[in-house]
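To keep things clear, I will list the structure first and then write my remarks on it.
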Protein chains: 4
Amino acid sequence: MPRPSRWPEVMAAAAKVFRAKGYHGATLEDVADEVGMLKGSLYNYISSKEELLFSVVRPPAEQLLSEARALAAEVVPAPEKIARLARVHAGVLAEHFVYASVYVHEVAGLGRYPEWAAMDSEYVRLVRAVLAAGVAEGSLRTDLDLRTAPHVLIGALNWLTRWWDPDGPIGAAEMADRISGVFLDGVRA
Amino acid sequence: MPRPSRWPEVMAAAAKVFRAKGYHGATLEDVADEVGMLKGSLYNYISSKEELLFSVVRPPAEQLLSEARALAAEVVPAPEKIARLARVHAGVLAEHFVYASVYVHEVAGLGRYPEWAAMDSEYVRLVRAVLAAGVAEGSLRTDLDLRTAPHVLIGALNWLTRWWDPDGPIGAAEMADRISGVFLDGVRA
Amino acid sequence: MPRPSRWPEVMAAAAKVFRAKGYHGATLEDVADEVGMLKGSLYNYISSKEELLFSVVRPPAEQLLSEARALAAEVVPAPEKIARLARVHAGVLAEHFVYASVYVHEVAGLGRYPEWAAMDSEYVRLVRAVLAAGVAEGSLRTDLDLRTAPHVLIGALNWLTRWWDPDGPIGAAEMADRISGVFLDGVRA
Amino acid sequence: MPRPSRWPEVMAAAAKVFRAKGYHGATLEDVADEVGMLKGSLYNYISSKEELLFSVVRPPAEQLLSEARALAAEVVPAPEKIARLARVHAGVLAEHFVYASVYVHEVAGLGRYPEWAAMDSEYVRLVRAVLAAGVAEGSLRTDLDLRTAPHVLIGALNWLTRWWDPDGPIGAAEMADRISGVFLDGVRA
DNA sequence: AATGAATGAGGCTTCATTCAT
DNA sequence: TATGAATGAAGCCTCATTCAT
């Protein structure tokens with residue numbers, strides 16, 4: 001597909017509309033209205049509605065995965081890695097908030113699109129590996145359940161797309177620290 | 001609406017299909033196929049597709065809210081309340097897994113259906129109140145951010161709908177304890 | 001596909017419209033108008049426009065081929081076989097005139113639909129075999145070009161769909177005899 | 001319309017594409033792709049798709065008609081005229097094969113375009129007149145049906161567009177002779 | 001209660017055509 | 001002359017909904 005001049009506008013409009021109404025609940029006419037063109041004109045930019053979804057969802061997915069891979073490869077104590085992972089995760093969410101919300105709503109963990117299943121589960125495995133290393137090195141609790149724990153962290157972070165306003169008073173780094181703080185040390189006095 | 005004999009089958013089919021494809025992505029024909037009737041026959045049970053969604057989503061929503069209200073009213077230390085709240089939450093998820101998944105995917109935190117916004121936010125306030133009481137009574141950390149913390153717990157629990165198999169090896173109570181364990185005491189050694 | 005009550009009406013309307021405007025030039029709304037229903041209602045009868053084309057075109061194609069096969073298997077002198085083949089061909093055209101016209105316009109010899117190519121070329125081979133047998137038995141000219149001759153007969157017969165009115169003064173048998181008469185004995189005095 | 005430098009390429013591409021997919025089945029983008037330009041650029045050459053069809057179809061139609069008129073005016077025995085008419089017809093087909101195929105598929109005998117009906121039927125009348133003269137002069141059979149016979153010859157010739165390769169082993173003159181041979185003298189031994 | 005069949009609105013997509021550059 | 005991008009109409013198809021039986 002060519003990426004003509006108004007491509008970024010089209011992407012932003014699609015992300016906004018998909019987030020507000022859901023992928024299936026949104027129509028291409030909604031998207032076109034948001035851009036200020038006719039629905040047929042969208043086909044200068046895309047080849048199908050589904051391809052538009054993938055275009056919206058790809059940037060945050062790829063960025064999160066590549067940053068997480070890089071981080072996982074570093075040699076750093078697990079607690080610090082977890083804190084930095086939360087920052088990366090929240091940072092990607094904040095940077096591409098609408099796009100990432102669409103990923104979280106429509107793709108993450110749902111197994112609806114085989115194309116994305118591999119990426120999706122690789123991220124879970126990366127987080128699990130970080131936790132496992134922490135248990136091995138003694139910085140995390142020995143009794144930690146490695147099946148559950150990664151999903152707890154990921155769920156808490158992904159759930160940000162349902163209530164957080166990344167342009168509000170709590171920024172991405174601050175938010176990441178709060179979540180990783182609870183995850184690492186709990187809320188008990 | 002009359003609720004004739006095959007009403008439970010209809011509900012179960014709708015929940016299953018809505019969970020698999022999403023509300024907008026699912027068609028009434030999908031639901032009818034699942035029940036083993038023609039789509040037109042569904043209108044002996046429902047008055048519209050949206051009413052069917054609400055019927056699917058109401059039982060877990062009402063049960064969770066009423067159990068949470070009852071729990072919140074008890075006089076119990078916050079850490080124990082949190083553990084029991086997690087059990088209630090995971091218990092409702094497990095009991096109505098498909099139905100609850102639809103609630104989580106289509107309703108929770110999205111603000112798409114005004115009818116559900118009040119219930120939805122009341123639950124967050126209940127959890128927040130439990131945490132606030134814990135801070136006040138000294139059983140939870142003083143520096144706990146009460147805007148964020150309820151969403152961390154709720155997010156981790158709701159995210160169960162994306163990966164947990166309630167009929168798998170980890171039962172609801174066990175799962176609730178693991179999640180509330182991490183939430184209360186963290187994962188650090 | 002189910003074949004509900006108005007299936008024959010749908011077929012007849014489609015054949016009529018496809019013949020008048022060509023398959024691609026005709027719209028499903030044209031067909032629906034002809035039947036007296038809405039275009040969406042057609043999908044109670046068909047699964048796609050192309051399937052409708054195939055349904056229209058199948059009866060004459062299959063009938064012609066099966067009758068031609070039966071005829072080819074008989075033991076009869078070639079000139080008589082040719083005359084009877086022409087009667088079969090013109091008879092199928094007359095019986096399913098609109099449907100057969102669509103076959104001739106949209107399918108025969110065009111190679112546009114792989115599904116039909118085999119049937120299409122089998123018929124040519126059948127005719128060629130009849131002619132070859134005639135040459136072998138001495139009832140047809142020794143210098144007959146077997147590559148060309150079958151197409152001459154088939155072309156003359158198929159061309160009927162462009163000018164003949166099967167409900168006009170010249171009936172199918174009479175017409176077949178005239179064409180096979182020219183083909184067998186020529187027009188020279 | 002101006003006829004700028006790449007006009008012949010445009011015509012050739014249109015003929016090729018119209019022949020392969022049919023006029024309505026082909027898109028201007030198909031044509032433009034074949035030329036190697038964008039579809040909008042075609043409007044430097046044409047004013048509408050239909051005009052393009054007419055441009056494609058005009059050369060063979062006019063050439064055949066004018067050559068047939070000239071031939072019909074000569075004073076020559078009917079059998080020879082028929083043989084030469086077949087050569088003219090096959091010659092035009094061969095010279096403009098793709099263009100002529102489009103004429104045969106989309107125009108001949110269909111009555112879809114009033115602009116062409118007169119030319120189309122004039123040709124039939126010319127052939128019929130040749131045959132009628134032959135009957136009158138005694139060189140053709142007295143019992144020849146003059147309604148049918150011209151269409152037999154024309155049909156056999158036009159059907160060449162469905163199976164003949166004019167660049168193959170049998171050239172136009174040879175092919176014309178075979179067809180007129182069958183038409184004049186039949187295939188019987 | 002269920003079916004068969006229809007409706008009508010609307011969604012995705014295509015495509016002839018236009019136009020500023 | 002060609003391009004890039006748009007328009008607008010229309011086409012195929014889907015689907016929630018209705019209704020006579």
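Labels below follow one simple rule: chain letters A, B, ... track the order of the sequence lines, proteins then strands, and each chain is numbered from 1.
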Check whether any side-chain N or O of [X] sits under 4.0 Å from OP1 or OP2 of [N], and answer yes or no.
X       : N      : answer
B:Arg6  : E:dA2  : yes
C:Tyr43 : F:dT14 : no
A:Ser41 : F:dT7  : yes
C:Ser5  : E:dG4  : no

Whole-Å gap separating [atom2] ([N]) and [atom1] ([X]):
X       : N      : atom1 : atom2 : result
C:Glu9  : E:dA5  : CD    : P     : 12 Å
A:Leu53 : E:dG11 : CG    : C1'   : 16 Å
A:Glu51 : E:dC12 : CD    : C1'   : 14 Å
D:Leu52 : E:dC15 : CG    : C1'   : 15 Å
A:Asp33 : E:dC12 : CG    : C1'   : 15 Å
B:Glu29 : F:dA16 : CD    : P     : 9 Å
A:Met37 : F:dA6  : CE    : P     : 4 Å
A:Ile46 : F:dA6  : CD1   : C1'   : 15 Å

Next on the checklist: Quick check: any donor-acceptor pair below 3.5 Å linking the side-chain of C:Asn44 to the base of E:dA5?
Outcome noted: no
Checklist entry - Given that B:Lys39 and B:Leu42 both sit by DNA chain E, which one's nearest nucleotide is further toward the 5' end? => result B:Leu42
Checklist outcome for this item: Of all heavy-atom pairs linking C:Val107 and C:Asp120, the shortest is O-OD2, 4.3 Å
Checklist entry - Which class fits the ring pair C:Tyr45 and C:Trp7: parallel under 30°, tilted 30 to 60°, perpendicular over 60°? => result parallel
Checklist outcome for this item: Of the candidates E:dG11, E:dA16, F:dA5, the side chain of D:Leu28 sits closest to E:dA16
Next on the checklist: Go nucleotide by nucleotide along DNA chain F from the 5' end; which of C:Ser48 and D:Leu38 gets its closest nucleotide reached first?
Outcome noted: D:Leu38
Checklist entry - Mapping B:Glu50 and C:Lys49 onto DNA chain F by nearest heavy atom, which one lands closer to the 5' end? => result C:Lys49
Item to check | D:Glu51 (side chain) donor-acceptor with D:Ser47 (main chain) under 3.5 angstrom | outcome: yes
Checklist entry - What do you reckon, are the aromatic ring centroids of A:Tyr113 and A:Phe54 less than 6.0 Å apart? => result yes
Next on the checklist: Over all strands shown, is A:Ala26 touching base, sugar-phosphate only, or nothing at heavy-atom distances under 4.0 angstrom?
Outcome noted: sugar-phosphate
Item to check | NZ (C:Lys49) with more than 12 external heavy atoms under 6.0 Å | outcome: yes
Next on the checklist: Could you tell me the Watson-Crick or G-U partner of F:dT21, where both distances fall under 3.5 Å? Say none if there is no partner.
Outcome noted: E:dA2
